[in-house]
Amino acid sequence: MNASAHIEAVFAETRRRNPAEPEFHQAVAEVLESLGPVFERHPEYADTGILERLCEPERQLIFRVPWVDDGGAVRVNRGFRVEFNSALGPYKGGLRFHPSVNLGIVKFLGFEQIFKNALTGMAIGGGKGGADFDPKGRSDGEIMRFCQSFMTELHRYLGEHTDVPAGDIGVGGREIGYLFGQYKRITNRYESGVLTGKPVGWGGSHVRTEATGYGAVYFAHEMLATRGEGFDGLRVVVSGSGNVAVYAVEKVHALGGRVVACSDSSGYLVDEDGIDLELLKEVKEVRRERISAYTEARPGASFSARGTVYDVPCDIALPCATQNELDREDAVALVKHGVRAVAEGANMPCTPAAVQIFRDAGVLFGPGKAANAGGVATSALEMQQNAARDSWTFEQTETRLAAIMRDVHAQCRDTAATYGGNADDYVLGANVAGFLRVARAMTAQGVI
Ligand code: NDP
Ligand code: 2IT
């Protein structure tokens, strides 16, 4: 069978075996579309069934999460953990708490995570988990009881050498604290390295909170540098206003750019003076309110519940909210306004049609598995510190993060040039570089 027939056959079988999981199909298709040149050079990977094995998670866990709300009513949610691939290290990837979570979404995220984690160069395999729990409007007590119930079931599958979750949408330092507390209580072990994203002071790493947003901006900075440009004086639009978005805004401002708009699921705000970061953090992280509350405190800013944040003209777009939030129309609008670079802070925020529009228009495009790898890379730095019972300074840790992002960027360009001839093709570079590292390890470890 030739390379493209082999790849097509694996994709057809993946679709057949995983019906009604469109996000998973999309994530698999995006990787497989890059692998033709790899299988032409390395037919041995077809002989050892690397792709067939990569597309089938090593283990998939689905469990009931019962909890009692503040009114005394019993609630039931569904919990997930997909342990996708452990060729490079313990399963590593976040937990998402959002009402939209289902098996297909967890699988798309876990699949992406394999290649992202490989690109970081660290010893981490790929996994992802979460629950269809909606944290919005829930009290601290409800969040705690939910996290405790979730961990009561999940703990038996975790371990610092086995599976190490962290945060994602709806899961931040507060939730990681409750999850860790319950794990410690059940196992009677202070196993710091079993979760990352812990608050600084009891096992957390400096820079982990900031790492994904900072890393995405470093990645965009590296892309711009290949054209002799920087952030100075550029207009930037960021979608979302959660963990990734907030620290992307912070780093853009530090590099001399101006973020003029950001969003949440209720709409977007425009602040031509540049987003006031302290106010945004106060509204989103402390008060946990809707983004419209920002404009109440800042009369010059405006809020819109209609349209999208990508209607706002900008030089750089950083989608940092969720999957498939930036579609064909958004991409057309961005290109029309002269966007120069797009770096995905979120996982798969751009639809395939949008990505194609950016590529056709010559817009620098950094796919999530490269551009947002700074978060999980810093999680791996947290694991290193935990294993050594050590704690590094903010500066030391940020220096490591910056070096990792430069390396991820360089790997993408070098690999794209080698396998496709165009160093600007970051999609090809990220997919192939990530795949090769995992495939080599899987080959060496035999058919398991
Ligand atoms: P948060 O929960 O902190 O923030 C999520 C933000 O995205 C919120 O502003 C939220 O708005 C918005 N959002 C979520 N779902 C939707 C939706 N369906 N439609 C519109 N807006 C939505 O999550 P993070 O910042 O941690 O994660 C953001 C993205 O980055 C995700 O794709 C995640 O997988 C990815 N990522 C996160 C990493 C991390 O370290 N945290 C690492 C790498 C990637 P609202 O509050 O209204 O729901
Ligand atoms: O998508 C991601 O890379 C994350 N949510 C972070 C995972 C991690 O283990 O830090």
Side-chain angles (χ1 to χ4, degrees), residues 23 89-101 105-106 108-117 119-120 122 124-130 134-137 163-176 193-198 204-205 207-216 219 238-249 262-269 280-281 283-285 288-292 305 308-309 318-326 343-350 367-383:
E23 293 87 358
Y91 308 108
K92 184 82 197 86
L95 297 172
R96 177 178 290 191
F97 291 169
H98 193 272
S100 64
V101 166
I105 287 181
V106 178
F108 118 63
L109 291 163
F111 187 76
E112 287 272 299
Q113 201 82 47
I114 303 170
F115 306 98
K116 181 195 307 190
N117 294 5
L119 279 172
T120 67
M122 324 285 287
I124 41 180
K128 200 82 186 192
D134 188 356
K136 279 200 188 74
D163 186 350
V164 181
D168 194 81
I169 291 177
V171 177
R174 173 181 61 168
E175 291 74 19
I176 294 293
V194 72
L195 286 168
T196 62
K198 300 179 292 296
S205 173
V207 193
R208 176 61 190 90
T209 305
E210 296 84 356
T212 312
Y214 279 17
F219 195 90
V238 172
S239 71
S241 49
N243 171 262
V244 180
V246 162
Y247 293 98
V249 173
C262 65
S263 65
D264 66 13
S265 59
S266 65
Y268 68 95
L269 73 83
L280 184 66
K281 283 186 185 171
V283 168
K284 297 301 292 189
E285 293 181 352
R288 296 182 190 270
E289 287 184 21
R290 306 281 67 208
I291 206 168
S292 49
T308 85
V309 73
L318 302 174
C320 297
T322 194
Q323 64 274 1
N324 293 326
E325 50 148 313
L326 193 165
E344 293 186 324
N347 287 308
M348 211 168 74
C350 300
K369 60 173 78 66
N372 72 39
V376 76
T378 308
S379 278
L381 298 179
E382 183 171 331
M383 291 164 73

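Each ligand, and each atom within it, is numbered from 1 in the order the structure gives.
- A distance-only check finds no donor-acceptor pair linking the side chain of Thr212 to the backbone of Gly374 [under 3.5 Å].
- When each of Arg96, Glu23, Gln113, Lys116 is checked for a side chain to side chain donor-acceptor pair (under 3.5 Å) with Asn347, only Lys116 meets the rule.
- Minimum heavy-atom separation, Lys284 to Asp264: NZ-OD2, 3.1 Å.
- Close to ligand 2: Gly167, with a non-hydrogen atom less than 4.0 angstrom away.
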Derivation and outcome, side chain to side chain contact (heavy atoms under 4.5 Å, CB included), residues Lys92 and Met383
CA-CA 11 Å; Lys92 184 82 197 86; Met383 291 164 73; 3.7 Å; yes
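- Against a heavy-atom cut-off of under 4.0 Å, Ala166 is close to the following atoms of ligand 2: 8 (C), 9 (O), 10 (O).
- Tyr247 is listed as a side-chain neighbour of Lys281, based on a closest heavy-atom distance under 4.5 Å.
- Close contacts of ligand 2 with Gly93, meaning ligand atoms under 4.0 Å from a residue heavy atom, involve 7 (C), 9 (O).
- Closest to atom 7 (C) of ligand 2, if we only count protein heavy atoms, is Gly94 N, 3.5 Å.
- Heavy-atom proximity to atom 3 (O) of ligand 2, evaluated over Arg208, Lys116, Glu112, is greatest for Lys116.
- In terms of polar-atom proximity, defined here as any N/O pair under 3.5 Å, Thr196 makes no such contact with ligand 2.
- A heavy-atom distance below 4.5 Å is found between the side chains of Ser265 and Arg290.
- Atoms CD and SG, from Glu325 and Cys320 in turn, are 8.0 Å apart once rounded to the nearest 0.5 Å.
- With a 4.0 Å cut-off on non-hydrogen atoms, Thr212 does not touch ligand 2 at all.
- What sits closest to atom 5 (N) of ligand 2 on the protein, heavy atoms only, is Asp168 OD1, 2.9 Å.
- Rounding to the nearest 0.5 Å gives a distance of 14.5 Å between OH of Tyr91 and CD1 of Ile124.
- At a threshold of 4.5 Å between non-hydrogen side-chain atoms, the residues Ile105 and His98 do not count as touching.
- Ligand 1 is surrounded by Arg96, His98, Lys116, Lys136, Asp168, Ile169, Gly170, Arg208, Thr212, Gly240, Ser241, Gly242, Asn243, Val244, Ser263, Asp264, Ser265, Lys284, Arg290, Cys320, Ala321, Thr322, Gly345, Ala346, Asn347, Asn372, each with at least one heavy atom closer than 4.0 Å.
- Ligand 2 has a nitrogen or oxygen under 3.5 angstrom from a nitrogen or oxygen of Ser379.
- Listed by chain and residue number, nothing satisfies the ring-ring contact (aromatic ring centres under 6.0 Å, His included) test with Tyr268 (two or more places apart in sequence, or in another chain).
- Annotation: side chain of Asn372 is not in contact with side chain of Val244 (no heavy-atom distance under 4.5 Å).
- Near Lys128, the atoms of ligand 2 lying under 4.0 angstrom from a non-hydrogen atom of the residue are 1 (O), 2 (C), 4 (C), 5 (N).
- Of all protein heavy atoms, the one closest to atom 9 (O) of ligand 2 is Lys92 NZ, 2.7 Å.
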